[in-house]
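Here's the structure we're looking at; comments come further down.
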Protein chains: 2
Amino acid sequence: MEEQQVGSLHFHIDFSQPLYEQILDQARSAIAKGEIALGDKMPSVRELAQELRINPNTVMRAYQELERDGLTEKRRGQGTYVTSSPEHVASFRTALAARYIDSFMEQMESLGLAWEDIETYIRQKRDTEQGGSDL
Amino acid sequence: MEEQQVGSLHFHIDFSQPLYEQILDQARSAIAKGEIALGDKMPSVRELAQELRINPNTVMRAYQELERDGLTEKRRGQGTYVTSSPEHVASFRTALAARYIDSFMEQMESLGLAWEDIETYIRQKRDTEQGGSDL
DNA sequence: TTAAGTGTATTAGGTGATATAATACACTTA
DNA sequence: TAAGTGTATTATATCACCTAATACACTTAA
């Protein structure tokens, strides 16, 4: 239940998943949602590691994946920066959304649920929607 | 890429995920979709382990979870049987679907995508639907 | 009673992913 | 030159996962 604000980024780290994966997911999300602006400087590897009280190598691993995603650029000796290209962010969102959706549809198919069933569930959830997440 | 038919159950096992998880998922799916009938006998722990060429303990782990799901009943000395209760299967489907949907909606939210965006993606995918999964 | 087939439990060991620790190197900027 | 960057390496520790071997309790049928 660690809650940390580092620059314009916000992290909540626990031990339910690999640390590098949580950093990766939350940094991806922040960039995709524009919570950190295009071209902005990311926290340095060492700084983020110190703030989150984890090993620099672990942060490194997440940062390398961010660059592979096209969401950041690294400048040796200077630091890691959010990409300045809106197209890169857009295509990343599209690609990841497609992956999520495919995986989700497979899960639904494995339960024998059709698209119409899903819509019904979601509408029900929307109607009952008053903060009640009871599972 | 192992493909195995064991009784009325079909398994495809690889090393991309934990073995017990694949067995669990595929058995759940078979029961949820009625590919194996209510009350039917499941393959014995030893038989399934032998067919899939994996350790009996690994099958055991999956079978224990199936019972916790309410999808199977074990009769000591006799074997493992699919539950005879359609209600158990139905409530399992509902619960798991809810979990999947919640998780999916969180993923979409992390990308800053609203429900309308998702519908658009899905409709696009449906229109372009001719086996083309290009990722 | 016996034998074969069930689920279950225990103990031991191996492998790989994850994370830490310590250290060093190359590059950039002030 | 010094401080701050990303990067690489080596060693170690822990845990999840899987295997292996063995034993026990129960049920059914011969």
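Naming convention: chains lettered A, B, ... in sequence-line order (proteins, then strands); numbering from 1 in each chain. Scope of the values below: all heavy atoms of this structure, side chains included, with no hydrogens, waters or symmetry mates.
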Rounded to 10°, the angle between the first-five-pair and last-five-pair axes of the helix from C:dT1-D:dA30 to C:dA30-D:dT1 is 10°
Please list every donor-acceptor pair under 3.5 Å in which a side-chain atom of residues 110-121 of chain B meets a protein atom from a residue at least two apart or in another chain.
from, atom 1, to, atom 2, distance (Å)
B:S110, OG, B:Q107, O, 2.7
B:W115, NE1, B:E119, OE2, 3.4
B:D117, OD2, B:A114, N, 2.8
B:T120, OG1, B:E116, O, 2.9

From A:H88 NE2 over to A:E73 CD, what is the distance, rounded to the nearest 0.5 angstrom? 7.5 Å
Out of curiosity, B:Y100 OH to A:S103 OG, how far, rounded to the nearest 0.5 Å? 8.5 Å
Quick one: side chain to side chain donor-acceptor pair (under 3.5 Å) partners of B:S8, sequence neighbours excluded? none
Short side-chain N/O contact to C:dA19 OP1/OP2 from A:Y20, under 4.0 Å: no
What is the distance, rounded to the nearest whole Å, between atom CG of B:L19 and atom P of C:dG16? 14 Å
In whole angstrom, give the distance that lies between atom CZ of A:R46 and atom C1' of C:dT28. 13 Å
Axial cation check for A:Y81 ring with A:R75, 6.0 Å and 45° limits: yes
Around atom CD of B:Q50, are there more than 12 heavy atoms from other residues, nucleotides or ligands closer than 6.0 Å? no
Under a 4.5 Å cut-off applied to non-hydrogen side-chain atoms, are A:E35 and A:L9 in contact? no
What is the first contacted nucleotide of DNA chain D and what is the last, in 5' to 3' order, if contact means an atom lying under 4.0 angstrom from a heavy atom of chain A? D:dG4 to D:dT9
Residues forming a salt bridge (Lys or Arg N to Asp or Glu O under 4.0 Å) with B:E51, sequence neighbours excluded: none
Assigning hydrophobic clusters by single linkage (Ile, Leu, Val, Met, Phe, Trp, Tyr; side-chain heavy-atom cutoff under 4.5 Å), is A:I54 placed with A:Y20? no
Closest contact, heavy atoms only, A:L38 versus A:S84: CD1-O, 4.0 Å
Got a sec? Which of residues 47-67 of chain A come in under 4.0 Å of DNA chain D, heavy atoms? A:N57, A:M60, A:Q64
